[in-house]
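Take a look at the structure set out below.
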Amino acid sequence: NSASVEAVRTDPNPLNNSGEAPTSITERADVSITKTTATPVVIAGNTVSYTVTVTNAGPSTARGITLTEVPEPGLLLDAIAPNVAADGWACEPVTTTGVTCTLAALPVGTTTLTVTAHVDSSVPVGATLDNTASIAVTTEQYTPGTPNWSDTATITVDTLAGVSVEKSHDAAIEPVI
């Protein structure tokens, strides 16, 4: 930052008519994460989708965001999409036990990812399964209160057994009396 002045009269010391002062600029961002599902009850063996929203409330661009997705045993990850490439996310290959994605920069606003997983068919009726997403950010946090860097969506497992019993009789083999 610099400033200078000029005088109408002759200045006896023109060397002090300007000055500079260093100004440091610090980026700060208020980043949070939410995780939701539209299907809180899922049949064992079926798929469930989750919406993960990362929000930067500013005032600066958030940098160096790492998203980690870790489901509870019994819940197996299948995919993470869309908006991955469009928003700049780079994700490691999805494994059934989790995935990590990184984003270089998030301006003020939001980015959304959709995570799909399936419930292992052996999970018993009434079991609850948690799926947690967490973020870490390298930009200094500007967060009033506690940062919201982790969120969990919980589902309840139900079952639908495809069992039926059929009884038939072949009268040609054994006549009905």
Side-chain angles (χ1 to χ4, degrees), residues 1 20-158:
N1 195 3
E20 291 186 17
T23 304
S24 59
I25 298 173
T26 302
E27 289 186 311
R28 290 189 179 155
D30 183 3
V31 182
S32 63
I33 187 170
T34 57
K35 182 166 197 167
T36 60
T37 182
T39 51
V41 177
V42 180
I43 305 294
N46 283 358
T47 300
V48 59
S49 292
Y50 298 92
T51 302
V52 177
T53 304
V54 179
T55 302
N56 177 9
S60 303
T61 296
R63 300 191 189 282
I65 300 170
T66 300
L67 169 85
T68 305
E69 175 81 25
V70 180
E72 186 173 348
L75 190 59
L76 308 167
L77 289 187
D78 294 324
I80 189 163
N83 298 335
V84 172
D87 289 346
W89 286 100
C91 296
E92 295 174 354
V94 174
T95 68
T96 55
T97 58
V99 66
T100 298
C101 300
T102 57
L103 182 63
L106 176 61
V108 174
T110 63
T111 180
T112 303
L113 300 98
T114 301
V115 177
T116 56
H118 66 276
V119 178
D120 190 289
S121 59
S122 66
V123 176
V125 173
T128 57
L129 297 175
D130 293 336
N131 190 349
T132 301
S134 302
I135 55 171
V137 183
T138 59
T139 302
E140 185 176 326
Q141 262 310 106
Y142 177 75
T143 306
T146 305
N148 180 11
W149 288 357
S150 180
D151 199 20
T152 300
T154 303
I155 61 168
T156 302
V157 179
D158 201 352

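Positions are given from 1 along the sequence.
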**OP:** Determine whether Thr55 and Thr34 make a side-chain contact, defined as any pair of heavy atoms from C-beta on separated by less than 4.5 Å.
**Re:** no
Anything under 3.5 Å between a donor and an acceptor, one on a side chain of residues 100-109, the other on a protein residue two or more places apart or in another chain? List them.
none

**OP:** Check Ala44 against Val123 and note the closest heavy-atom contact, atom names and distance.
**Re:** CB-O, 3.8 Å
**OP:** Check Val42 against Thr39 and note the closest heavy-atom contact, atom names and distance.
**Re:** CG2-O, 3.4 Å
Original post:
Sequence neighbours excluded, which residues qualify as side chain to side chain donor-acceptor pair (under 3.5 Å) partners of Ser121?
Top reply: none
Original post:
Which pairs pass salt bridge (Lys or Arg N to Asp or Glu O under 4.0 Å) with one or both residues in residues 90-103, sequence neighbours excluded?
Top reply: none
**OP:** Answer yes or no: is there a donor N or O on one side and an acceptor on the other, between the side chain of Asp87 and the main chain of Trp89, under 3.5 Å?
**Re:** no
**OP:** Mind checking the OG1-CD1 spacing from Thr152 to Ile33? Nearest 0.5 Å is all I need.
**Re:** 9.5 Å
Original post:
For the side-chain contact (heavy atoms from CB on, under 4.5 Å) test, which of Thr47, Ile43, Ile155 pairs with Val119?
Top reply: Ile155
What pairs of donor and acceptor atoms, side-chain ones from residues 58-77 against any protein atom, are under 3.5 angstrom apart with sequence neighbours left out?
from	atom 1	to	atom 2	distance (Å)
Ser60	OG	Arg28	N	3.1
Ser60	OG	Arg28	O	3.2
Arg63	NE	Glu27	OE1	2.8
Arg63	NE	Glu27	OE2	3.2
Arg63	NH2	Glu27	OE2	3.0
Glu69	OE1	Lys35	NZ	3.0
Glu69	OE2	Lys35	NZ	2.1
Glu69	OE2	Asn131	ND2	3.1
Glu72	OE1	Asp130	N	2.7

Original post:
Mind checking what makes side chain to side chain donor-acceptor pair (under 3.5 Å) contact with Asp158, not counting sequence neighbours?
Top reply: none
Original post:
For Thr132 and Ser150, which heavy atoms make the closest approach, and how far apart are they?
Top reply: CG2-OG, 3.5 Å
Original post:
For Thr97, what residues pass the side chain to side chain donor-acceptor pair (under 3.5 Å) criterion, not counting sequence neighbours?
Top reply: Thr95
